[in-house]
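Everything numeric in this text was worked out from a predicted model, so none of it was measured. Whatever order the structure lists ligands and atoms in, that order sets their numbers, starting from 1.
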Amino acid sequence: MATNITWHENLTHDERATLRKQRGVTVWLTGLSASGKSTIACALEQALLNRGLNAYRLDGDNVRFGLNKDLGFSEADRNENIRRISEVAKLFNDSCCVTLTSFISPYKKDRETARELHEKDNLPFVEVFVDVPIEVAEQRDPKGLYKKAREGIIKEFTGISAPYEAPENPEIHLKNYDASVEDAAAQIISYLEREKYI
Ligand code: ADP
């Protein structure tokens, strides 16, 4: 724990949002590997940027190349992975960006931590459950990860050898096996409009 540090007061989020003509919001996608989080988040980012909005996607694999390259997949490392991402998402959100995160984030406690971190500073947090049955995810298996998990080559794989705790009250519940990627992105955009986040 660092000592001798003091918080430097800044513009408030409202002041910044007025100047930027855009509020911040974090759209937190959670779901099994291959449920479609990254694919949907990419489509969403594109759609928001096309409207002239500031949007940015924090991606599960990508942060592990940099910020979180020291972390593995044990429960403790997954907790820390999500904690750091939550802090980064919050900063992007505070900078008035529509911040999209696509992480499995299998533990309820971690997603609650992410939410609390945002809500204590009045920064909106929208949890999106990308819900596909494990059989569908396993059949898609674009990176061959389920196959490796079944063979025991990958340990602690969510849905196979590690738990996925489904959200009980997500703001948006996407049943993503019978909707197109575009429909999924459109559902999220409608919600953001309805809540006046965009
Ligand atoms: P995740 O980020 O959740 O691990 P990805 O987006 O990387 O998942 O992979 C999901 C795979 O499922 C992709 O190959 C994508 O093309 C495919 N897919 C098929 N139907 C859909 C859909 N309706 N929504 C999202 N992805 C879909």
Over 60° means perpendicular and under 30° means parallel, so classify the ring planes of Phe92 and Tyr56, tilted if in between.
-> parallel
Ligand 1 versus Leu32, non-hydrogen atoms closer than 4.0 Å: side chain, backbone, both, neither?
-> backbone
Candidate with minimal heavy-atom separation from atom 14 (O) of ligand 1, of Pro142, Gly36, Ser38, Ala137 = Pro142
Is the count of non-hydrogen atoms from other residues, nucleotides or ligands lying under 6.0 Å from Glu168 atom CD greater than 12?
-> no
With a 4.0 Å cut-off, would you call Asp121 and Lys90 a salt bridge?
-> yes
One finds that the ligand 1 atoms under 4.0 Å from a non-hydrogen atom of Ser33 are 4 (O)
Hey, quick one: are Phe103 and Phe157 part of the same hydrophobic cluster, counting side-chain heavy atoms closer than 4.5 Å, chains of contacts allowed?
-> no
Report the part of Ser35 in contact with ligand 1, treating N, CA, C, O as backbone and CB onward as side chain, heavy atoms under 4.0 Å; options are side chain, backbone, both, neither.
-> both
Does Arg64 count as lying over the ring of Phe73, i.e. NZ or CZ under 6.0 Å from the six-ring centre, within 45 degrees of the axis?
-> yes
Selected option - heavy-atom contact closest to atom 20 (N) of ligand 1, from Glu182, Lys37, Arg140 | Arg140
So is there a nitrogen or oxygen of Ala179 less than 3.5 Å from a nitrogen or oxygen in ligand 1?
-> yes
Taking 4.0 angstrom as the limit, do Lys148 and Glu151 come out as a salt bridge?
-> no
Would you mind running through ligand 1 and noting each atom that sits below 4.0 Å from a heavy atom of Val181?
-> 22 (C), 23 (N), 24 (N), 25 (C)
